[in-house]
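Remarks on the structure that follows.
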Amino acid sequence: MRINKFMATCGVASRRKCDELIEKGRVKVNANVCKKLGMQINPEQDLVTVDDRPIRLTNNFVYYMLNKPCNVVTTVSDPNGRPTVMDYMPQGKNRIFPIGRLDYNTSGLLLFTNDGDVAQKLLHPSFEFGKTYVVDIKGNILDAEIKKLQNGVDIGDFVTSPAKVEVLKTTPTTTTLKIVIHEGKNRQVRRMFDAVGHKVQKLQRVAVGKIKLGDLPLGKYRELTKEEIAYIKSS
Ligand code: URA
C-alpha cells in the first residue's frame, strides 16, 4: 500500500497533507525517515510513525447506536459528574464518541463512532440525513400551527428549513406528533414548538436518515449493520 494512502486510512490527514508530512521528514518507516512519496509499505509488518508516534490501521472503525435514556448528558466526560452516554457504551480500545447530541431530557437514537469522516457527514446538513423525532406536546395543535412548523419557524437566531410534521395521536390534554428536521440547532425541536406556543413534554429521536431506533431497549446499544454503515457512507 502506498504510504500516503496508509496514513490517510489511519486517520492522520488527507493524502495530500500526508505527502506534506513526508516531505517535511516527519514520517519514519521502521525508524528510518521516509524520503520517497510513493513508497510502498506493508501495513502488517512495517512500523510507520509520524513525529515518532506510531500510527496503526484502524481496521477498527466501529459504529453503534444507543437508545439514550433521559437524565443523561451527551458528552464524553461531564465535569459535574452526572451520568453520561459513555456509561452505556462498551469500554475498549476504540475511542468512540457520540455523533451530535441529544438534550439531557431527550431520549432515543444516538449514534457513536471513532470514524471522523462518517461523523462529519452525518452532522452536515447538506447530506440530508433527516432526523425524526416523536414529540408529546401539551394541549392540541391547530392546523395553522402545523403549517408554520412545516414551512419553517423563527426560533430566535435561526429560521428552520421545511420540516415534515404529522399528528400521530391526540388526547384531550396531549398531542403526539412526528417531526422530521434537517438541521441540528441547539434544542431545535423544543424551540420550534415553543415558537408556535406549545411546550414539549417528551422528546424522543427515532431515526437518523433511514437508520431507525426500532425496538432497541432504553439504555441499550447495538452495532450498526453492514447495510446501515454502507447507507451512511454512500449517501
Ligand atoms: N431537538 C431538541 O429540542 N432536543 C434534542 O435533544 C434534539 C432535538
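Ligands are counted one by one from 1 in listed order, and the atoms in each one are counted from 1 as well. Residue numbers count from 1 along this sequence.
The shortest N or O to N or O distance between D103 and ligand 1 is below 3.5 Å. At under 3.5 Å, a nitrogen or oxygen of V189, whether backbone or side chain, sits near a nitrogen or oxygen of ligand 1. Of the N or O atoms in T106, one or more lie within a sub-3.5 Å distance of an N or O in ligand 1.
A ring pair (Phe, Tyr, Trp, His ring centres under 6.0 Å) with Y64 is found for exactly one of F97, F112, Y221, Y88, namely Y221.
A donor-acceptor pair under 3.5 Å links the side-chain atoms of Q91 to the main chain of M89, judged by distance alone.
The residue among F193, Y133, Y104 with a heavy atom at the shortest distance from atom 7 (C) of ligand 1 is Y133.
Listed by number with element, the atoms of ligand 1 under 4.0 Å from a non-hydrogen atom of L203 are 1 (N), 2 (C), 3 (O), 4 (N), 5 (C).
N42 CG: more than 12 foreign heavy atoms inside a 6.0 Å radius. For D215, the CG atom is loosely surrounded, since the number of other residues' heavy atoms within 6.0 Å does not exceed 12.
Looking at R191 and D157, a side-chain N of the basic residue comes within less than 4.0 Å of a carboxylate O on the acidic one, giving a salt bridge.
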